[in-house]
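Atoms considered below: every heavy atom in the structure, side chains included; atoms not considered: hydrogens, waters and symmetry mates. Quick note on labels: first sequence line is chain A, next is B, and so on, each numbered from 1. None of these values were measured; they are calculated from a predicted model.
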Amino acid sequence: MIDIPNINTDRLTLRAPRAEDVPAFAAFYASDAARFVGGPMTEAETWRYLCQVIGHWGMRGYGRWIVTLRDDDAPIGLVGLHNPLDWPEAEVGWYIWSGIGKGYAVEAGKAARAHAYDTLGWTTVVSMIAHGNDASVGVATSMGAQREEDYQHPVYGAMGVYRHPGPEALA
Amino acid sequence: MISLTGTPTLQTERLTLRAPQPQDADAFIAFFASKRSQFVGGPMTERQAWNFFGTEFGHWMMRGFGMFTVTRHGDDTPLGIVGHWYPRTWPEREVGWVLFDPASEGQGIAFEAAKACIAHAWDTLKWDTIVSYIDHGNDASVALAKRLGATLDKDALPTKPEDPCYVYRHHRGTFA
């Protein structure tokens with residue numbers, strides 16, 4: 001019903017969110033681990049949020065994918081290109097809730113960043129990271145991103161801005 | 001932009017009901033940022049309304065049905081949203097209606113669109129019951145529900161236990 005492209009990496013598949021992903025997504029958003037990415041949320045809020053993830057694809061033409069292992073369709077994270085109305089510019093974002101510590105966020109984040117540069121023709125992209133989310137800063141750093149001046153979000157407050165190397169630097 | 005495809009279009013005497021498209025976002029956001037939305041979840045900030053439009057869009061993918069954008073034949077200007085709404089944790093499936101601009105009221109547009117959506121729910125979606133959830137104080141919507149033949153169901157659950165609302169239940173065959 002909406003044409004969201006699939007991407008495969010060495011170990012992962014990035015695909016469109018579906019209704020079957022709600023339980024795993026809701027479990028993550030009910031947990032303390034979601035505190036850096038807008039959580040915790042109720043199940044009702046989580047369902048609407050996953051709808052918004054899909055709607056973002058409609059409104060922007062790009063968005064975030066559900067991440068799975070290549071040989072297992074179970075959702076393990078949400079990674080992709082994100083630019084809601086109150087973001088200063090488009091970001092590549094990630095959260096992985098299963099299989100942490102295996103480099104999945106970096107692998108999926110690089111695939112999303114490559115999609116932004118190679119398919120969408122972007123010349124720059126940032127990652128917006130809540131203060132204290134050290135794991136996410138580690139992912140951004142592994143991807144070569146460098147911190148810039150904070151962005152003051154109207155609801156979330158100060159957020160770290162990490163700018164990724166551009167397409168020429170990665171070529 | 002990426003469009004919803006494979007979604008139905010409903011035609012009535014005067015109206016075309018189609019799936020929401022990105023170009024509807026501005027009218028949707030303006031409505032939900034205004035006081036006119038006080039009985040349907042608003043008013044909200046523009047960022048919330050933008051996200052809510054995304055929810056409308058994604059609802060189609062998650063449920064296979066959703067709210068239509070209402071337009072006149074031959075004019076794609078969005079007049080409002082009318083259709084089928086069933087977010088997770090709601091007790092029942094709803095037919096709901098919103099007209100963005102007061103200038104569109106008083107012409108039977110919401111009635112005509114809702115009537116088509118009720119028929120679609122019975123005949124195509126094969127729902128076995130249909131309700132409309134209406135906030136207390138939304139007299140215009142209560143009047144429309146009654147005009148559609150719906151009756152107040154005092155035993156039905158509201159969408160949120162802590163937030164009472166009217167639940168109007170529709171009846172098959174009203175327009176047969």
Check: Heavy atoms under 4.5 Å from chain B: which residues of residues 19-31 of chain A carry them?
Finding: A/A19, A/V22

Check: Is there a path from B/W90 to B/L125 through hydrophobic residues (I, L, V, M, F, W, Y) whose side chains come within less than 4.5 Å of each other?
Finding: yes

Check: Are A/V126 and A/Y117 connected in the hydrophobic side-chain network, where two residues link if heavy atoms are under 4.5 Å apart?
Finding: no

Note to self: In this structure, would B/Y168 and B/L157 fall into the same cluster of hydrophobic residues linked by side-chain contacts under 4.5 Å?
What the structure shows: no

Check: Should A/M128 and A/F36 be counted in the same cluster of Ile, Leu, Val, Met, Phe, Trp and Tyr side chains packed under 4.5 Å apart?
Finding: no

Notebook entry, point to check: With only heavy atoms counted, which part of B/T55 is less than 4.5 Å from chain A, the side chain, the backbone, both or neither?
Noted result: both

Item checked: Exercise: identify the closest heavy-atom pair between A/G58 and B/P22 -> O-CG, 3.0 Å

Check: What's the spacing between A/R18 CZ and B/M62 CE if we round to 0.5 Å?
Finding: 11.0 Å

Notebook entry, point to check: Quick one: which residues of residues 40-56 of chain A reach chain B at under 4.5 angstrom, heavy atoms only?
Noted result: A/E43, A/A44, A/W47, A/R48, A/L50, A/C51, A/Q52, A/I54, A/G55, A/H56

Check: Counting a contact as any heavy-atom pair under 4.5 Å apart, which residues of residues 84-95 of chain A contact chain B?
Finding: A/P84, A/L85, A/D86

Margin query: Sub-4.5 Å heavy-atom contacts with chain B: which residues of residues 132-160 of chain A show up?
Written below: A/H153, A/V155, A/Y156

Next item on the list: Verify the neighbour count for atom CD of B/E46: are there more than 12 heavy atoms of other residues, nucleotides or ligands below 6.0 Å?
Entry: no

Notebook entry, point to check: If you look at every heavy atom in B/W50 and A/M59, which pair is closest and at what distance?
Noted result: O-CE, 3.4 Å

Margin query: With a 4.5 Å cut-off on side-chain heavy-atom distances among I, L, V, M, F, W and Y, is there a chain of contacts connecting A/I7 to A/L120?
Written below: yes

